[in-house]
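Written out below as structure tokens is the structure these notes cover.
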Protein chains: 2
Amino acid sequence: MNATREEIIRIADELIRSKGYHAFSYADISKVLGVKNAAIHYYFPSKSDLGVAVIDNTAEKFQQTIRSWEQLPYETQFQHFVTMHQKTKKNEWVCLMGALSPTYDTLSENMQLQLKELADNIIIWLTGLLENGRAKGIFHFTEEAKAKAYCIQSSLLASLLLNKVLKNDVYQVIQNTILTV
Amino acid sequence: MNATREEIIRIADELIRSKGYHAFSYADISKVLGVKNAAIHYYFPSKSDLGVAVIDNTAEKFQQTIRSWEQLPYETQFQHFVTMHQKTKKNEWVCLMGALSPTYDTLSENMQLQLKELADNIIIWLTGLLENGRAKGIFHFTEEAKAKAYCIQSSLLASLLLNKVLKNDVYQVIQNTILTV
DNA sequence: GTCTATACCTGGATAGAC
DNA sequence: GTCTATCCAGGTATAGAC
């Protein structure tokens, strides 16, 4: 609950998602935060400690978010999930999974474990939502719910990536298409 | 058409797709190729020169490949396009676009330009294929062809990324879903 | 065209003062 | 908890011999 610690995590999260894990340095955080890099090492001795903290932080926020949606209709929950990726888009940031997955093999074992757990949890939640929604006649699709969840998660993740390259309306187009489940 | 030059490009391509652009070094290529890093600088003075060459090489291969498909039925062309991503999957490599797009903003201007051109060309070709196929009654979808192309390209790209993290059958599942257009 | 040698820099990390 | 100072490794890049 330390304020500085939280700030470091927040800045590192932005840097990972805008530049990538290997392309940012403690100096980048120092500049923004107005402290020396030694201060950052005090909180996170190694860069991978910081990486793990960023992933854990994202995982926590995700759990809190879906818990806050629990009472909402399935359709609304789904809309929230799809559009929550848009916030990151405005700043041209990709999501954490999109930023870290390409270099997965180069990450520390701890980062790999936490990232996999996060990915699993997202898919499990989304699969459940789609299944429940279909049972209630809200969603309409023929494939297995898990397959649908994979496709949706993939499309959203990659739409943010392609958006950086194409610099057009990819994200919006894909979102609109997905929303008509 | 220099053999060493071609080899360097091939190795760099693998390294970018397995580790990422910022996580590989000239030393990695030296090791595989059995030469010193100075030799690589002879062909590619700067790392971004090498990066551009890798992108151009991929763009060329893509153009050659789709040209070789020109006489095939739309359906077959589409199947080839979807399954061509699978080759890269076997080695746990992602596609070049998936590897480079997250760190797009950190790349040299030349790399950015070439990468955007490649992305544009893929979307243009895929959009045309989908449109022509639908006109002939082979494909069935209701959204705009370009939207469909965005979704398909996104799903394929991200399926390789998620595959690295989830280490399961994401790629296969998504491919099967996409193939039923 | 490839080598040795080396310059230069950045980045991650630590020791010890305050 | 933050600082200064510093170390070390690795990475990009170049000069000049062969």
Side-chain angles (χ1 to χ4, degrees), chain A residues 1-55 57 99-100 102-112 114, chain B residues 1-55 57 99-100 102-112 114:
Chain A
M1 294 300 154
N2 180 296
T4 307
R5 194 188 136 90
E6 299 297 308
E7 264 297 278
I8 294 171
I9 292 177
R10 192 187 60 75
I11 297 167
D13 178 85
E14 292 184 8
L15 286 167
I16 290 175
R17 284 160 48 212
S18 57
K19 304 178 63 173
Y21 181 74
H22 294 288
F24 93 89
S25 72
Y26 276 41
D28 294 324
I29 302 179
S30 306
K31 261 178 273 168
V32 180
L33 202 58
V35 294
K36 299 300 167 182
N37 76 354
I40 303 168
H41 279 285
Y42 168 78
Y43 294 99
F44 305 99
S46 81
K47 195 179 177 182
S48 90
D49 294 328
L50 177 52
V52 169
V54 168
I55 298 172
N57 180 255
L100 293 179
T103 56
Y104 185 79
D105 296 337
T106 69
L107 304 176
S108 71
E109 205 184 322
N110 276 346
M111 287 184 68
Q112 290 184 351
Q114 296 309 99
Chain B
M1 293 301 153
N2 181 294
T4 307
R5 193 189 138 90
E6 299 297 309
E7 264 298 277
I8 294 172
I9 292 177
R10 193 188 59 75
I11 297 168
D13 178 85
E14 291 184 10
L15 285 167
I16 289 175
R17 284 160 46 211
S18 57
K19 305 177 63 172
Y21 181 74
H22 294 288
F24 92 90
S25 72
Y26 275 40
D28 293 324
I29 301 179
S30 307
K31 260 178 275 168
V32 180
L33 201 56
V35 296
K36 300 300 168 182
N37 75 356
I40 303 168
H41 279 286
Y42 168 77
Y43 293 99
F44 304 99
S46 82
K47 196 179 177 182
S48 90
D49 293 326
L50 178 51
V52 169
V54 168
I55 299 172
N57 180 255
L100 293 178
T103 56
Y104 185 79
D105 296 336
T106 70
L107 304 177
S108 71
E109 207 183 322
N110 276 346
M111 286 184 69
Q112 290 185 351
Q114 296 309 99

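Sequence lines set the chain letters: A, B, ... in the order given, protein chains first and strands last, and positions in each chain run from 1.
Within the structure, salt bridge (Lys or Arg N to Asp or Glu O under 4.0 Å) contacts touching residues 11-24 of chain B (residues at least two apart or in different chains) are Arg10(B)-Glu14(B), Asp13(B)-Arg17(B), Lys19(B)-Asp28(B).
Listed by residue number, the members of residues 36-49 of chain A with any heavy atom below 4.0 angstrom from DNA chain D are Lys36(A), Ala38(A), Ala39(A), Tyr42(A), Tyr43(A). Looking at residues 16-33 of chain B, you'll see that no heavy atom sits under 4.0 Å from any atom of DNA chain C.
A search for side-chain hydrogen bond (donor to acceptor under 3.5 Å, both in side chains) contacts involving Asp49(A) returns Ser46(A), not counting sequence neighbours. Looking at residues two or more places apart in sequence or on another chain, you find a side chain to side chain contact (heavy atoms under 4.5 Å, CB included) between Gln114(A) and Val52(A), Ile55(A), Asp56(A), Glu117(A). Listed by chain and number, the residues in a side-chain hydrogen bond (donor to acceptor under 3.5 Å, both in side chains) with Thr106(B) are His22(B) (sequence neighbours excluded). Listed by chain and residue number, Lys164(A) satisfy the salt bridge (charged side-chain N to carboxylate O under 4.0 Å, His left out) test with Asp105(B) (two or more places apart in sequence, or in another chain). Lys47(B) is linked by a salt bridge (charged side-chain N to carboxylate O under 4.0 Å, His left out) to nothing, counting only residues two or more places apart in sequence or in another chain. For the side chain to side chain contact (heavy atoms under 4.5 Å, CB included) test, residues two or more places apart in sequence or in another chain that qualify with Ser108(A) are Ser48(A), Asn110(A), Met111(A).
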Mind listing the side-chain donor-acceptor pairs of residues 30-43 of chain A below 3.5 Å, one per line with the distance, residues two or more places apart or on another chain?
residue: Ser30(A); atom: OG; partner: Tyr26(A); partner atom: O; Å: 2.8
residue: Ser30(A); atom: OG; partner: Asn37(A); partner atom: N; Å: 3.4
residue: His41(A); atom: ND1; partner: Pro45(A); partner atom: O; Å: 2.8

* Dump the intermediate steps for side-chain contact (heavy atoms from CB on, under 4.5 Å) on Leu50(A) and Phe24(A), then the final yes or no. => CA-CA 12 Å; Leu50(A) 177 52; Phe24(A) 93 89; 4.3 Å; yes
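First and last contacts of DNA chain C with chain B, using any nucleotide atom under 4.0 Å from a protein heavy atom and ordered 5' to 3', fall at dG1(C) to dT4(C).
Not one N or O on the side chain of Tyr21(A) forms a donor-acceptor pair closer than 3.5 Å with the backbone of Ala99(A).
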